[in-house]
Amino acid sequence: MPNIRHAMNVKREDDFAKWYQEVITAADMAEESGVRGCMVIKPWGYGIWERIQRLMDDRIKEAGVQNCYFPLFIPLANFEREASHVDGFAKEMAVVTHHRLIADGEGGLIPDPEAKLEEPLVVRPTSETIIGDAMARWTQSWRDLPLMINQWANVVRWEMRTRMFLRTSEFLWQEGHTAHANKEEALDETHRALEMYRACVEEDMALPVIAGEKPENERFPGADETWSIEAMMQDGKALQAGTSHYLGTNFAKAAGIQYQDREGTQQHCHTTSWGTSTRMIGGVIMTHGDDDGLRVPPRIAPYQVVILPMLRDKPEDEATLAYCEEVRAGIAAQFSMGEKVRVLLDKTPGKATAKRWDWVRKGAPVIIEVGPRDMENGKVAAIRRDKMWNMETGKLANSFPERSEFIESIPALLEDIQNNLFAEARDRRDANIKRGVTEWSEVSEFYKSAGKYPGWIEVEWSKPTGDALAKVVEQLKQEKLTIRNVPRGSAPATGKCIFTGDAAVERILIARAY
RNA sequence: CGGGGAGUGGCGCAGCCAGGUAGCGCACCUGUUUUGGGUACAGGGGGUCGGAGGUUCGAAUCCUCUCUCCCCGACCA
């Protein structure tokens, strides 16, 4: 192995948590805000979010779901209506109790005791209850169903321990809420949303995921069924990248979401909700990042190609810039993966060599450098970020293609990078799921000996409930493990439950998780 | 929220124990140099040392309170 001088100081294998934070700083994605658990998302990080938003939003609308916007504040009483929902969220809510500040007489400000709210308002941790109110107003007849709405919003959950993008007090997300005439239709929608997430996360973000149902103990508060997509990070931990819930008639009963069926009888709706958040960006970092920083999959890269002119403060700069502009225009006219190619000619003052490393850390998929000699030869110097090192020499693996040929190759090149990132992640995940484990001792042994970053294990179980399930959860906890999900479409169970010894009924994935 | 660690110019850190009025590397600015690749040299700008209060002639250094971040745990759709 040649000795490569990487663009970052921390390596994944040395300290994954520190590496993760370093990527966020080095790629200029986000920074601390000074407000507990809240971050400032900077242009490069927000640009990635905007790309995700656009691609996800297109998929949401394709399914006939319409966007709305509901209030940030929810009356406290809304949360008292659905018992398990209360239990799930009560401990982590931000509450607004006053509407005015007054001087405290010592140069500071305090909430005015005179301006105390009759009923406190909760800053939404999720919007089931307030959207449920609207649904109750909007559904009268079976003709109003299904009612399918989505909103892009910020939500607040007062988490004890936060991490940039993965778990912040305030985060950005989309939440879809639907109401249906019966269980079957609501379940169909639950699965349709889950499948939409799988497709978006795998195809757009290049994150391979396993879709499946969450066990009883991991259900969303108030849900009858919770489904998730789970991604494996490079440290072998699992990240829940999206969830879709079948809420039964729980919220419908709490909010009075009813309709008259064809026979004229009042019926409760069956509702669903589903969400994905800025947390997915954390997943992109921990899946595609490397020791040189971030690698952004082309579909969600704000800029897919960055052109760096080699300027020298001399008269020939003008010609170099003109040549770069031609290359830029040529690339901008290309279409890749169904969209116009997003290209930036970075004219920021500074040395091209220094700027190159900035873009490497940000993870622009393709970086081009153009100097006078390239111009003379009608060429460009190109680096593809996903394969930027020559492993023989330890030097940058740049190529010097002819200009017009290169421009025409861009669409295929971006698609290849997209596919390569996905394939790399999928192969790594598949290589790190251990199957065929039938004894609990093997599980503990695996996590003791599998090194610093163990992966997942698939086991069969008897799907215990209640106290028996609690016992299983406790047993897993001893190894810091959790049940991720019951993979959709996996082979039927054939053996015994690894926990109870009873006949197994299904397969589950267990893993350490974020 | 419990245990541990930490907050000093944009980033990474030293100084703190043994108080005396702020320093290093990178980055940044200027100049020279170099010019197919993260050039080198010289000069320079920027910090009321997280915040508040206290002890003291004097506080980045000592004491109290508080905010924020990181790690472990508890918690977590």
Side-chain angles (χ1 to χ4, degrees), chain A residues 4-10 15-18 20-22 24-26 28 31-39 42 84-85 87-93 106-108 124-128 155 157-164 166-169 171 173 175 214 217-223 225-230 239-245 247 272-277 279 292 308-314 316-317 320 349-361 367 369-377 379-381 383 388 395-396 398 400 477-478 480 482 485 513-514:
Chain A
I4 294 175
R5 184 183 166 192
H6 286 291
M8 292 207 318
N9 300 317
V10 187
D15 187 338
F16 198 79
K18 197 172 174 193
Y20 175 75
Q21 294 186 121
E22 170 107 357
I24 291 170
T25 306
D28 210 21
E31 62 184 24
E32 295 298 339
S33 63
V35 180
R36 185 199 163 80
C38 297
M39 62 178 171
K42 301 178 80 173
S84 54
H85 201 58
D87 291 345
F89 286 107
K91 290 164 289 184
E92 51 181 54
M93 301 230 253
E106 293 165 21
R124 64 183 164 216
T126 179
S127 306
E128 273 74 9
V155 288
R157 297 181 187 180
W158 213 260
E159 301 287 355
M160 286 299 125
R161 189 173 163 195
T162 59
R163 276 163 156 278
M164 291 253 220
L166 296 175
R167 182 172 285 110
T168 44
S169 302
F171 56 94
W173 77 342
E175 47 180 325
K214 286 283 195 185
N217 63 304
E218 299 269 353
R219 270 183 210 145
F220 174 73
E225 291 182 17
T226 287
W227 294 71
S228 74
I229 48 172
E230 302 282 333
L239 181 76
Q240 180 175 300
T243 50
S244 183
H245 317 287
L247 305 173
T272 81
S273 70
W274 26 276
T276 54
S277 71
R279 173 180 241 210
D292 296 296
L308 303 173
M310 305 189 68
L311 304 174
R312 288 165 184 172
D313 264 337
K314 289 185 179 166
E316 64 257 35
D317 283 0
T320 307
K351 302 204 61 168
T353 45
K355 283 156 67 178
R356 169 174 72 213
W357 295 106
D358 289 340
W359 283 108
V360 162
R361 285 183 279 264
I367 299 166
E369 291 164 347
V370 179
R373 197 187 296 172
D374 301 307
M375 189 167 58
E376 264 171 51
N377 300 333
K379 296 184 172 179
V380 299
I383 300 167
M388 63 182 274
K395 297 197 168 148
L396 275 178
N398 39 15
F400 300 89
K477 207 162 151 187
Q478 298 305 313
K480 298 183 191 174
T482 56
N485 65 23
Y514 277 100

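Side-chain atoms are counted along with the backbone in the values below, which use heavy atoms only and exclude waters and symmetry mates. The model shown is predicted, which means the values in this text are computed figures rather than measured ones. Numbered from 1 within each chain, the chains take letters A, B, ... in sequence-line order.
If you take atom C1' in B:C29 and the same atom in B:U21, they sit 28 Å apart, rounded to whole Å. Taking atom C1' in both B:C16 and B:G7, the straight-line distance is 14 Å, to the nearest Å. When the P atom is used for both B:C63 and B:G25, the distance is 31 Å, rounded to whole Å. For the P atoms, the distance linking B:C24 with B:G47 amounts to 15 Å, nearest Å. A distance of about 11 Å separates the C1' atoms of B:G12 and B:A27, rounded to the whole Å. Taking atom C1' in both B:C28 and B:G9, the straight-line distance is 11 Å, to the nearest Å. Look at the C1' atom in both B:G50 and B:U32: the space between them is 41 Å, to the nearest Å. B:C13 sits 24 Å from B:A22 when the P atoms are compared, rounded to a whole Å.
Counting any heavy atom pair closer than 4.0 Å across all strands shown, A:Tyr514 reaches no nucleic acid atom. Here A:Pro125 lies out of heavy-atom contact (under 4.0 Å) with every strand.
In this structure, the side chains of A:Asp374 and A:Val380 stay at 4.5 Å or more apart for every pair of heavy atoms. By the 4.5 Å heavy-atom criterion applied to side chains, A:Met164 and A:Gln21 are not counted as neighbours. Taking 4.5 Å as the limit, some side-chain heavy atom of A:Leu166 sits within range of a side-chain heavy atom of A:Tyr20.
A:Lys395 places its NZ atom 10 Å from the P atom of B:G38, with the value rounded to the nearest Å. In this structure, the CD atom of A:Gln478 is 13 Å from the C1' atom of B:G73, given to the nearest Å. Residue A:Ile367 contributes atom CD1, which lies 14 Å from atom P of B:G38 at whole-angstrom precision.
When each of A:Asn377 and A:Lys477 is assigned the nucleotide of RNA chain B with its nearest heavy atom, A:Asn377 is the one assigned upstream, toward the 5' end.
Of the candidate nucleotides B:G36, B:C76, B:U39, B:C76 has the atom lying nearest to any side-chain atom of A:Glu92. The side chain of A:Arg356 has B:G38 as its nearest neighbour among B:G38, B:C76, B:A74. Distances were taken from every side-chain heavy atom of A:Arg5 (C-beta onward) to each of B:G36, B:G38, B:U39; the shortest belongs to B:G38. Distance from the side chain of A:Arg167 is smallest to B:C76 among B:G38, B:C76, B:C75. In this structure, the nucleotide among B:C75, B:U35, B:U39 sitting nearest to the side chain of A:Arg312 is B:U35. Taking every side-chain heavy atom of A:Glu159 into account, B:C76 is the closest of B:C76, B:G36, B:G38.
We find that A:Lys355 and A:Asp358 are not joined by a salt bridge, their nearest charged nitrogen and carboxylate oxygen being 4.0 Å or further apart.
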- If the sugar-phosphate is the primed atoms plus P, OP1 and OP2 and the base is the rest, what is the B/S/- string for nucleotides 67-72 of chain B, using protein heavy atoms under 4.0 Å? -SSSSB

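How far CG of A:Leu396 is from CH2 of A:Trp357: 4.5 Å, rounded to the nearest 0.5 Å.
Judged by distance alone, the side chain of A:Thr162 and the main-chain N or O of A:Arg36 form no donor-acceptor pair under 3.5 Å. Counting only distance, with no hydrogens or angles, the side chain of A:Glu22 and the backbone of A:Met8 share no donor-acceptor pair below 3.5 Å.
Nucleotide B:G73 has B:C1 as its partner under the Watson-Crick or G-U criteria, with both atom distances under 3.5 Å. Of the nucleotides present, none pairs with B:G19 by Watson-Crick or G-U wobble criteria with both distances under 3.5 Å.
For B:G12, its base never sits under 3.5 Å from the side chain of A:Asn9 at any donor and acceptor pair.
Close to B:U39, at under 4.0 Å from its OP1 or OP2, lies a side-chain N or O of A:Thr353.
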